[in-house]
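Residue numbers start from 1 in every chain, and the chains themselves are labelled A, B, ... in the order their sequence lines are given, proteins ahead of strands.
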Protein chains: 2
Amino acid sequence: MPSSVQRKRVRKTPAARRAEIVAAAARVALTEGLECITLRRIAEDLDVRPGLISHYFPSAEELVAEAFGQAAGRELDALLPNERTEGSPAHYLARFFALATGAAYDDVSRLWINARHLSRYRPALRERVGVQEAAWRERFTAVIEDGVRDDGFRTDSPVLTAIHILVVLDGLGAQANSRTVDRPQAVALLAVTTAERELGLESGTLSRLADELTEADLARD
Amino acid sequence: MPSSVQRKRVRKTPAARRAEIVAAAARVALTEGLECITLRRIAEDLDVRPGLISHYFPSAEELVAEAFGQAAGRELDALLPNERTEGSPAHYLARFFALATGAAYDDVSRLWINARHLSRYRPALRERVGVQEAAWRERFTAVIEDGVRDDGFRTDSPVLTAIHILVVLDGLGAQANSRTVDRPQAVALLAVTTAERELGLESGTLSRLADELTEADLARD
DNA sequence: TTGCTTATTGGTCGAGCACTCAATAGCATC
DNA sequence: GATGCTATTGAGTGCTCGACCAATAAGCAA
């Protein structure tokens, strides 16, 4: 009985298989890039035939868009969780900056650059980028509004402040693929410095909070 | 005498042909993207055979890197000319921001996103990106140093200020491919506002100068 | 005019890509 | 145990890409 000549088929429910495909694609998106999401590559990861991927995603572009959405969405949830049951807004922001300053954030920066470029040619992806931009912006805006109410943040416009911080983050992240040597400390801290200034916080407030966070605080859920 | 069956050959000096190829590739890079620089595409633009491009650039990646370098370098020269025979540093900066805020700058933003992403996979391009980053940074630093000397700019570190401005520009440019609706004025002015603050200039100084520039001032040389 | 150098051509190769579709087999239901 | 639905396969199509190379002809030098 030849085992290799005849493939063993594993039959799953459409919902489960689809989720599995998107998860595999999101993993590739985050680690290797959106261009590496090919029918063959994802099929190989899941040990199925390429035709099956086409069955669930008649257009490969749709899978790329979905993969980006899932990857970016999950990262946002890990960096700035939606439910803030404990901890002040300042602590949540500090945790974000602690994570976003580390090397582990490079994958996220790369993903965003990747998506922003590729969306030039892929309308479906472009639409997803817009959705995720809005999600990140709104998540930040909400934290800032909480901080204005409870934590002494001072800003005329929470949403403009959120955008300002995100613009600086994007600008710093732009170098994730080319930066070889370390950058000056003042540059690495540009995002958190901008946040402190724009939120009317004493210089060093957030970065000091970020430094005090333990490994457990930073651990992803 | 069939005219189309037999191609007429135009024989040029290696230096001239090479320059012509790079110029065509740089044009494609700026208008359509670095991925569109293919042997066939450039050959068609120049009305030669693809093999000829391979002859001058045995590795296509080298041509892509060269095209980016030329395109980015020329744009820098157009936006912030090297020789400042007349006009104050503030005027030079104002002219830059006037140009960099307009829609015409979108092609430049797109080029940078493109290069920053693609350099993830292309070492030769990554190296060129580093060179151009340094060139842009140094050009800005020089203008700022001049302004500190002659024009009342105040900053502890011209180079850090230059980096800060460039980071904000990169962050704003990141949306060049996805932004569909206009952004708030305060966001569009983020770069010039950052420059004014970091250079110790009265708020509105540079943007007012930028508004006063005539078409002739903005015209490219 | 003749000859030589080499810029340029034309054709080819293999790899990787998305997409299509009839045939097959897993599995729930009866 | 038989049946029907459909998830999955296998095989194939056509496309674009970079790279390679022997043959050709442009134009300079003698």
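Contact annotation: H55(B) side-chain N/O to dA7(C) OP1/OP2 distance is under 4.0 Å. Contact between the side-chain N/O atoms of Y56(A) and the OP1/OP2 oxygens of dA7(D) is not found at any separation under 4.0 Å.
Minimum atom distance to the side chain of L52(A) is reached by dT8(D), of the listed dT8(C), dC19(C), dT8(D).
Interface residues of residues 9-19 of chain B facing DNA chain C, ordered by number: R9(B), V10(B), R11(B), K12(B), P14(B), R17(B); criterion, heavy-atom separation under 4.0 Å. A heavy atom lying under 4.0 Å from DNA chain C marks the following residues of residues 38-49 of chain B, by number: V48(B), R49(B).
By the side chain to side chain contact (heavy atoms under 4.5 Å, CB included) test, S207(A) is found to be paired with V192(A), E196(A), residues two or more places apart in sequence or in another chain being considered. Residues forming a ring pair (Phe, Tyr, Trp, His ring centres under 6.0 Å) with F97(B) (at least two apart in sequence, or on another chain): none. For A124(A), the side chain to side chain contact (heavy atoms under 4.5 Å, CB included) partners are E61(A), E62(A), A65(A), not counting sequence neighbours. Legend: residues meeting ring pair (Phe, Tyr, Trp, His ring centres under 6.0 Å) with H117(B), ordered by chain and number and at least two apart, are H117(A), Y121(B).
Among the atoms of the strands shown, only primed sugar atoms or phosphate atoms (P, OP1, OP2) are found under 4.0 Å from some heavy atom of P58(A). Using a 4.0 Å heavy-atom cutoff across all strands shown, F57(B) reaches no nucleic acid atom at all.
Ring pair W112(A)/F68(A): centre-to-centre distance below 6.0 Å.
Results of the side chain to side chain contact (heavy atoms under 4.5 Å, CB included) test with R116(B) over L111(B), L125(B), D170(B) single out D170(B) as the only residue that passes.
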Next item on the list: Determine, step by step, whether T155(B) and T161(B) satisfy the side-chain hydrogen bond (donor to acceptor under 3.5 Å, both in side chains) criterion, reporting the C-alpha distance in whole Å, the side-chain angles of both residues, the deciding distance to 0.1 Å, and the verdict.
Entry: CA-CA 7 Å; T155(B) 172; T161(B) 302; 2.6 Å; yes
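When the shell of 6.0 Å around CG of D211(A) is examined, it contains more than 12 heavy atoms from other residues, nucleotides or ligands.
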